[in-house]
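Numbers here are sequence positions counted from 1.
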Amino acid sequence: AAAAAAAAAAAPDAAYRDRLHIPPSDPLPPDGTTLRRLVEAHLRYVPFENLSLHGCRGDDEPPIPLSLPLLHDKILRRKRGGCCFELNGLLGHYLLELGYSVVKLVPCWIYAGPERGHSSSKRAKFRTRQTHAFLLARTPGGESFIVDVGLGEPPLHPLQYGTAMLGAVQRTPDGMQSRFVQEEREWADGDGRVRRCLRLEWWRTCRACFECGGNNRHDGRDADGDVSNYLQSLEKDAKLLRSKVERASRKTKAKPRPPFKVYSSSHSIREEAKSRLLMRCTKQRDNLDSTNDGHIVTAADVPIASEHEIRREICDMWAVLSSSEREVYKEIALAETADIKRAAESAEEKAKTAEASLAAAIRRESIESGSSCVSIHRCSEHCTGEGGWWEPRIQWDISDAPLKPTGVEQSFVEIRPLETFGDAASIIASEGSTFRSKIVICILTRSEKITLTGSNLRITSPRFPTCTSGQETNENVAWPLQTRKLLSSREDILSTLADRFGLDLEQLSGLECDDVGDSSSSPDECRLWEHL
């Protein structure tokens with residue numbers, strides 16, 4: 001019995017080592033070195049993905065499993081990936097098994113902009129609900145680390161955590177620079193709970209500033225002068241037209257308006273309803289004139305029709321329409337849909353023309369300059385003028401992840417098990433959520449990031465600006481270069497998932513690829529998940 005128990009206890013360790021390509025004989029003491037090794041291997045071999053929301057799961061399997069046996073089966077046995085709750089939850093259990101003294105699963109808010117599902121008209125901000133969770137791990141030696149293998153674009157290594165690290169810049173081997181910042185003010189959430197928060201930020205280098213020697217040129221000019229400005233103008237026009245195409249494309253996917261909605265929103269129908277109400281009120285006023293002794297009823301005595309009364313009158317008018325009359329409004333709705341499609345096609349033609357003009361101008365500039373690659377760089381609106389800016393990533397309540405141990409701390413399995421994150425998991429798995437909108441899968445190493453969103457494959461290498469030698473100057477810095485490829489069929493996607501991400505094709509037999517060949521998945525149009 002003891003031998004069987006020992007074998008059972010060793011099984012998860014053996015399976016995890018196999019998944020992360022760590023030899024069975026290698027020691028894994030519960031310290032910072034082991035944590036760095038585990039996180040880097042995790043990000044390399046276990047993808048951040050949402051394929052379970054697109055047909056790749058069993059009949060009885062939940063979209064996002066939160067129980068330890070199901071996670072062992074999915075990630076370790078079937079060699080799949082998952083989202084933050086799955087990946088960080090399973091790793092948290094393994095860290096406790098390895099002997100880390102405290103492991104907490106910390107709920108947090110994600111910073112969201114247009115590329116993360118927010119409307120382009122809204123400013124970037126933290127989401128209102130805690131739909132992400134990372135790990136706080138403390139070693140027996142007293143060190144504390146923030147660990148995240150389920151963010152999509154996390155630091156390659158765990159970040160040291162504590163009071164001394166507030167504001168300190170931590171650079172990981174992939175080139176990412178991160179820091180912890182304490183929020184200046186407290187605030188109350190929807191439940192009245194007062195929040196004191198910390199946030200994680202990463203440094204975004206402004207290439208336009210860097211290439212101008214650190215001089216921030218907000219007018220868009222750089223060393224190429226008028227030619228560069230001309231290219232920037234063409235690029236701006238092309239992007240504006242492409243954004244119009246995106247809006248028009250979304251409208252074409254909407255269902256035709258119901259006939260009653262067409263009828264009730266018609267200006268002439270509303271005016272007729274108002275006229276009928278006015279006539280009725282006038283008749284009532286005339287009746288009052290004949291019954292009131294000596295009192296003359298004026299216009300002030302006739303109440304103005306409220307919006308509710310107008311709507312009720314329109315409903316009464318609709319109720320007496322014949323079937324043939326209602327059919328007219330159904331045809332109007334269908335005609336509106338056809339007009340929207342024609343407008344989308346027209347916008348697409350204009351956008352393609354603008355993009356062709358931009359491509360031709362870049363080719364001409366390439367020939368004239370003798371360069372095989374012409375880049376257009378403009379100072380970002382977020383740039384502080386110091387070569388870049390700090391962009392928020394996630395935010396959490398300091399009481400959920402204390403900067404230093406307070407008394408006897410308990411791990412998440414004791415105070416907040418993984419199963420208690422079911423509500424947050426259901427939000428990101430719900431219809432209409434950003435996470436569910438299309439296939440998302442990515443892995444990363446020190447040198448590159450491989451991402452598939454929908455049918456758009458992107459390989460970024462290096463991931464961050466990297467100094468090749470000596471002092472950082474524009475000449476010896478390798479800037480991130482992204483190679484993009486639009487996959488044209490379901491077979492191409494399956495082949496990519498197997499070859500690039502190491503997934504078993506048998507596990508992907510039910511994969512739903514509805515957006516293959518859809519223009520919304522093209523590299524130029526795809527803004528969603530652009531941060532990956």
Novice: Is the Lys NZ or Arg CZ of Arg393 less than 6.0 Å from the centre of Trp202's six-membered ring, within 45° of the axis?
Specialist: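 Yes, cation above the ring, under 6.0 Å and within 45°.
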Novice: Identify, with sequence neighbours excluded, every residue that meets side-chain contact (heavy atoms from CB on, under 4.5 Å) alongside Ser447.
Specialist: Thr445
Novice: Going by the rule side-chain hydrogen bond (donor to acceptor under 3.5 Å, both in side chains), which residues pair with Asp148 if we only count those two or more places apart in sequence or in a different chain?
Specialist: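 With neighbours one apart ignored, the set is Asn88, His132.
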Novice: Side-chain donor-acceptor pairs under 3.5 Å in residues 498-506, sequence neighbours left out?
Specialist:
unit_1 : atom_1 : unit_2 : atom_2 : d
Asp499 : OD2    : Ser495 : OG     : 3.2
Asp504 : OD1    : Glu506 : N      : 3.1

Novice: In chain order, what residues pass the side-chain contact (heavy atoms from CB on, under 4.5 Å) check against Ala401, with sequence neighbours excluded?
Specialist: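 Val106, Leu136, Tyr161, Trp396.
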Novice: When you measure from the side chain of Thr496 to the backbone N and O of Asp492, does any donor-acceptor pair fall under 3.5 Å?
Specialist: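 Here the side-chain-to-backbone pair exists.
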Novice: Just by modelled atom types, is the Thr353 backbone N or O under 3.5 Å from a matching donor or acceptor in the Ser357 side chain?
Specialist: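 Yes; judged by distance alone, with no hydrogens or angles, the pair exists.
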Novice: Identify, with sequence neighbours excluded, every residue that meets ring-ring contact (aromatic ring centres under 6.0 Å, His included) alongside His93.
Specialist: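 His93: ring-ring contact (aromatic ring centres under 6.0 Å, His included) contacts with Phe412.
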Novice: Show me the pairs that pass salt bridge (charged side-chain N to carboxylate O under 4.0 Å, His left out) and involve residues 57-66, at least two apart or across chains.
Specialist: Glu61-Arg78
Novice: Please determine whether salt bridge (charged side-chain N to carboxylate O under 4.0 Å, His left out) holds for the pair Arg193 and Asp400, giving the CA-CA distance in whole Å, both sets of side-chain angles, and the decisive distance to 0.1 Å.
Specialist: CA-CA 13 Å; Arg193 178 182 173 184; Asp400 293 325; 3.8 Å; yes
Novice: Test of understanding: with salt bridge (charged side-chain N to carboxylate O under 4.0 Å, His left out), list the residues that count as partners of Asp174, not counting sequence neighbours.
Specialist: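 Per chain and number, Asp174 pairs via salt bridge (charged side-chain N to carboxylate O under 4.0 Å, His left out) with Arg463.
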Novice: What pairs with Leu71 under side-chain contact (heavy atoms from CB on, under 4.5 Å), at least two apart in sequence or on another chain?
Specialist: Pro65, Ile75, Glu86, Leu90, Leu418
Novice: Determine yes or no for a side-chain-to-main-chain donor-acceptor pair under 3.5 angstrom, with Lys244 supplying the side chain and Ala351 the backbone.
Specialist: no
Novice: Decide if atom CZ of Arg416 counts as having more than 12 heavy atoms of other residues, nucleotides or ligands within a radius under 6.0 Å.
Specialist: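 Check passes, neighbour count above 12.
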Novice: Listing request: all ring-ring contact (aromatic ring centres under 6.0 Å, His included) pairs with a residue in residues 58-92, at least two apart in sequence or in separate chains.
Specialist: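 Of all non-adjacent pairs touching residues 58-92, those that pass ring-ring contact (aromatic ring centres under 6.0 Å, His included) are Phe85-Phe421.
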Novice: Return the set of residues passing ring-ring contact (aromatic ring centres under 6.0 Å, His included) with Phe145 (not counting sequence neighbours), or none when no residue passes.
Specialist: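 For Phe145 there are no ring-ring contact (aromatic ring centres under 6.0 Å, His included) partners, ignoring immediate neighbours.
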Novice: Using atom types as modelled and distance alone, determine if a side-chain donor or acceptor of Arg199 lies under 3.5 Å from a backbone N or O of Val181.
Specialist: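 Flag not set: sc Arg199 to bb Val181 has no pair under 3.5 Å.
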Novice: Quick test of your reading: applying salt bridge (charged side-chain N to carboxylate O under 4.0 Å, His left out), list the pairs with at least one residue in residues 27-46, sequence neighbours left out, ordered by first then second residue.
Specialist: Asp26-Arg37, Glu40-Arg446
Novice: Between Arg19 and Tyr45 (side chain of the first, backbone of the second, donor and acceptor by atom type, cut-off under 3.5 Å), is there such a pair?
Specialist: yes
Novice: So, Gln177 side chain and Arg171 main chain: donor-acceptor pair closer than 3.5 Å or not?
Specialist: no
Novice: In terms of side-chain geometry, is the basic nitrogen of Arg242 or Glu348 positioned less than 4.0 Å from the acidic oxygen of its partner?
Specialist: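 Salt bridge: yes.
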Novice: I'd like to check the side-chain hydrogen bond (donor to acceptor under 3.5 Å, both in side chains) partners of Ser101; sequence neighbours left out, ordered by chain and number.
Specialist: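 Result, side-chain hydrogen bond (donor to acceptor under 3.5 Å, both in side chains) vs Ser101: none returned.
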